[in-house]
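Given the structure is predicted, the values throughout are model-derived calculations rather than measurements. In what follows, chains are A, B, ... by sequence order, proteins preceding strands, each numbered from 1. For the numbers below, each heavy atom of this structure counts, side chains included, while hydrogens, waters and symmetry mates do not.
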There are 2 protein chains.
Amino acid sequence: MIKAERIRIYDVARVAGVSVATASKALNDTGRMTEETRRRVKDTAAALGFRPNAMARALTGQRSFTVGLLTNDTYGRFTLPVMAGISEALVDEGVSVFLCGIEDDPALGKVHVDAMLDKQVDGIIATGKRVDRSLPVDLSQLPVPVVYAFTQGPKDAVTLVSDDGQGAREATERLLKSGRRRLAHITGPASFASVVERAAAFQEVAGADAPVLNGTWSEAWGHEAVAQLWGGKGPYPDAVFCGNDQIARGVVDALRERDVSVPREVSVIGFDNWEIVAAATRPPLTTVDMNLKELGREAGRLILELAKREPVEPGIRKLPCKLVVRQSCGGESAE
Amino acid sequence: MIKAERIRIYDVARVAGVSVATASKALNDTGRMTEETRRRVKDTAAALGFRPNAMARALTGQRSFTVGLLTNDTYGRFTLPVMAGISEALVDEGVSVFLCGIEDDPALGKVHVDAMLDKQVDGIIATGKRVDRSLPVDLSQLPVPVVYAFTQGPKDAVTLVSDDGQGAREATERLLKSGRRRLAHITGPASFASVVERAAAFQEVAGADAPVLNGTWSEAWGHEAVAQLWGGKGPYPDAVFCGNDQIARGVVDALRERDVSVPREVSVIGFDNWEIVAAATRPPLTTVDMNLKELGREAGRLILELAKREPVEPGIRKLPCKLVVRQSCGGESAE
DNA sequence: TTGAAAGCGCTAACAG
DNA sequence: CTGTTAGCGCTTTCAA
């Protein structure tokens, strides 16, 4: 741990033979001066390895070049891709991200929000594990802009969600297009908005009489649902669209155990593109990717615009999902 | 987004009828003054909802109450628990964490480190996905303290790792104690230090002739290894200790497909306690937990001490693993 | 016991 | 075109 003295703008100014003010303007491309002076200052700064102290800069009422990411998704399944996207969108602008996990604890949430405000964050992005639930903190009266990504915000907030309906529609159409006719949808609890939306889209495409089975988000439920569907007499489904990848994996495993071949006899499509589940399934799962990284990128861009006080239209923005084709559904395995 | 004026220490001082200097000292429990004055200032501050501006505070050479977490573990499997622990250890001290994912890109790493230094972080914690690899950035000449957690640091650094040997030993002993005698170890590539260490511990307990099979970290390898071990004539193993949970899941599935009962005929133990894998396995996996959250907590404590300039002994600290008993191994399922 | 004043490193009016 | 000056909000000598 080296305690090398940091170069201050003062040093740059001295070496370049100008005043601190000129140096500041030169480096920030503000004010007016001969191109020669500007160059000289910039060169000296580079030569000395000058890096402005972000704290000092922030103190003068500028931006702090930090934003906070608040999440209650401890497991990180949704938050991590979002975070990656945010980071990607912000790193070039020199903005760093405070990650704050708040579980579902309002007190902890408040502590983190206060800490962020103390640190003068330029904005806060809220995210979570459910699109139809809010974080246990009120972010609506904050002195900084807020963007909601994959979590519910107040009516007139800037909110980003993935387009569950479109994703489900594409998956179902794919099944139909590959010649399947008896489609079933095995999904999670009907208390989830995304379950309702995906199911509606499914039936819209597959027909209102196509069965929808609600259960839990688990492999076990996938097994059980297969037992139900294949329990009685035929005709059995020739395609199953699942509410998430875990259910889909359960379904595929259960079908294999019944000697029903996937994808020859039955096509299966999942939802989430959770790599660890989708890739390990035999055969690997075709599944709907919610594009969470892009959602994060967009959230980053928006919070940046808001931080710069550029106007941003409030409302809910739906980002499209994308079908990732592997081998559990019929047809070509290439996109 | 409300632009409410923030209360400054100046306001507190004015209302409490003292000078800013006194107010500062009162609030920070420094200097000397009548207890009455101190109380009065503190009460006013509380009443006004005063929160000190962290930027301004940091500028006066104090600490910034921020630390950076650098990781190349995009998938987050190891980083998230570590992060949770760090956050838990730091939140009470008012310290916030910058999360920086740098993939394996040295340039990106430098960008993030520079950004952190510009923001005057009090310290940096480095973490990753492999204990025996370093991040693609040199952190050894930084003006702030660094702690390495679950990633390799320089010789004389402060480093935290989990005790692979002890974890493997406990798992193996458990197998032995429950009466198993023909143990096998199915694990990852021998190029991983943790593979070597776990295998050594396994053989130390199970006997030098107990087979160790190296492959990839995948379910597929678990299947294949079972095919190898159960391919020829008996006697077959009656217990398998796996290098991670994915392999273990593959093993359990493969055994079920061969109608070998787990845990009646064969006990299986995994490594990592990756909830999503361990819990979904049928039967649920007994597995070694690396206690990454505690590792994070410890990293947080250490970086805090270093930031406060308290002396910290350099060197590698091994934190114990803990066996999490579910149902895939014999014996009681309770701890 | 308290307060005035200097200054952390930088930016932004305003002069020159 | 460039420099002087005044802060940003807080902590910290140093006097009173």
Side-chain angles (χ1 to χ4, degrees), chain A residues 3-42 44-45 48-66 94 117-122 143 308, chain B residues 3-42 44-45 48-66 94 117-122 143 308:
Chain A
K3 277 251 79 52
E5 290 298 313
R6 241 184 118 101
I7 307 285
R8 293 149 309 160
I9 199 172
Y10 171 83
D11 303 309
V12 176
R14 189 166 37 72
V15 173
V18 296
S19 74
V20 210
T22 307
S24 172
K25 280 179 280 191
L27 294 171
N28 292 301
D29 285 320
T30 55
R32 38 184 77 262
M33 67 192 66
T34 41
E35 202 42 50
E36 194 273 324
T37 312
R38 203 180 285 279
R39 265 261 63 78
R40 184 155 40 91
V41 174
K42 284 190 172 180
T44 343
L48 295 178
F50 167 71
R51 309 231 35 168
N53 180 323
M55 295 281 159
R57 205 206 282 242
L59 195 54
T60 62
Q62 307 291 345
R63 298 161 44 202
S64 70
F65 292 89
T66 61
L117 294 179
D118 292 351
K119 277 150 197 153
Q120 313 290 121
V121 290
D122 297 329
K308 292 177 183 164
Chain B
K3 277 252 82 41
E5 290 298 312
R6 243 184 116 102
I7 307 285
R8 292 150 307 158
I9 198 173
Y10 170 84
D11 303 309
V12 177
R14 189 167 38 72
V15 174
V18 296
S19 73
V20 217
T22 307
S24 172
K25 282 180 279 193
L27 294 170
N28 292 300
D29 286 318
T30 56
R32 40 184 75 261
M33 66 191 68
T34 40
E35 200 44 49
E36 194 273 323
T37 312
R38 202 181 287 280
R39 264 262 61 80
R40 184 156 39 92
V41 173
K42 284 191 170 179
T44 341
L48 295 179
F50 167 71
R51 309 231 34 169
N53 180 323
M55 295 280 157
R57 204 206 281 241
L59 195 55
T60 61
Q62 307 290 344
R63 299 161 45 204
S64 70
F65 293 89
T66 61
L117 294 179
D118 292 350
K119 278 151 197 153
Q120 313 290 120
V121 290
D122 296 329
K308 292 178 182 162

> In whole angstroms, how far is the C1' atom of D:dC8 from the CD1 atom of B:Ile9?
Replying inline: 14 Å

>> How close do A:Phe50 and A:Ile9 get, counting heavy atoms only, and between which atoms?
In response: CE1-N, 3.3 Å

>> So, OP1 or OP2 of D:dT2: does either fall under 4.0 Å of a side-chain N or O from A:Thr37?
In response: yes

>> To check you understand the geometry: which heavy-atom pair defines the closest contact between A:Arg57 and A:Phe65, and what is its length?
In response: CD-CE1, 4.3 Å

> Within this structure, what is the CZ-to-P distance between B:Arg6 and D:dG9, rounded to whole angstrom?
Replying inline: 10 Å

>> Using every non-hydrogen atom in the two residues, find where A:Leu59 and B:Ala56 come nearest and quote the distance to one decimal.
In response: CD1-CB, 3.7 Å

> Does D:dC8 have OP1 or OP2 sitting under 4.0 Å from an N or O in the side chain of A:Gln120?
Replying inline: no

> NA contact type, A:Thr30, heavy-atom cut-off 4.0 Å: base, sugar-phosphate, or nothing?
Replying inline: nothing

>> What is the separation between atom CZ on A:Arg32 and atom P on D:dC1, rounded to the nearest whole Å?
In response: 6 Å

>> Counting only side-chain heavy atoms from C-beta out, which of D:dG9, C:dT11, D:dT4 sits nearest to A:Ser19?
In response: D:dT4

> Separation of B:Leu117 atom CG from C:dG9 atom P, in whole Å?
Replying inline: 15 Å

>> Tell me the closest heavy-atom pair linking B:Met55 and A:Ser64, and the distance in Å.
In response: CE-CB, 3.8 Å

> Does the salt bridge (Lys or Arg N to Asp or Glu O under 4.0 Å) test come out yes or no for B:Lys42 and B:Asp29, once each step is laid out?
Replying inline: CA-CA 10 Å; B:Lys42 284 191 170 179; B:Asp29 286 318; 3.0 Å; yes

Review item, nucleotides 13-16 of chain C N/O atoms under 3.5 Å of protein N/O:
none

> Within the pair A:Thr34 and D:dT2, is there a side-chain N or O less than 4.0 Å away from OP1 or OP2?
Replying inline: yes

>> Quick check for you: among C:dT2, D:dC10, C:dC10, whose closest atom lies nearest to any side-chain atom of A:Phe50?
In response: C:dC10

>> Please give me the minimum heavy-atom distance between B:Leu48 and B:Ile7, naming the atom from each residue.
In response: O-CG1, 3.4 Å

> More 5' along DNA chain C: B:Leu59 or B:Thr22, using each one's nearest nucleotide?
Replying inline: B:Thr22

> Is a salt bridge present between A:Asp11 and A:Arg6, judged by a nitrogen-to-oxygen distance below 4.0 Å?
Replying inline: no

> Quick one: A:Glu35 CD to D:dC1 C1', roughly how many Å, whole number?
Replying inline: 13 Å

> When we call it a touch if two heavy atoms are under 4.0 Å apart, what does B:Ser24 touch: a base, just sugar-phosphate, or nothing?
Replying inline: base

>> What is the separation between atom OH on A:Tyr10 and atom P on D:dG3, rounded to the nearest whole Å?
In response: 14 Å

> A:Met33 has an atom CE; how far is it from atom C1' of D:dG3, in whole Å?
Replying inline: 11 Å

> Over how many whole Å does the gap from B:Arg63 atom CZ to D:dT12 atom P extend?
Replying inline: 13 Å

>> With a cut-off of less than 4.0 Å, is there a side-chain N or O of A:Asn53 near OP1 or OP2 of C:dC8?
In response: no

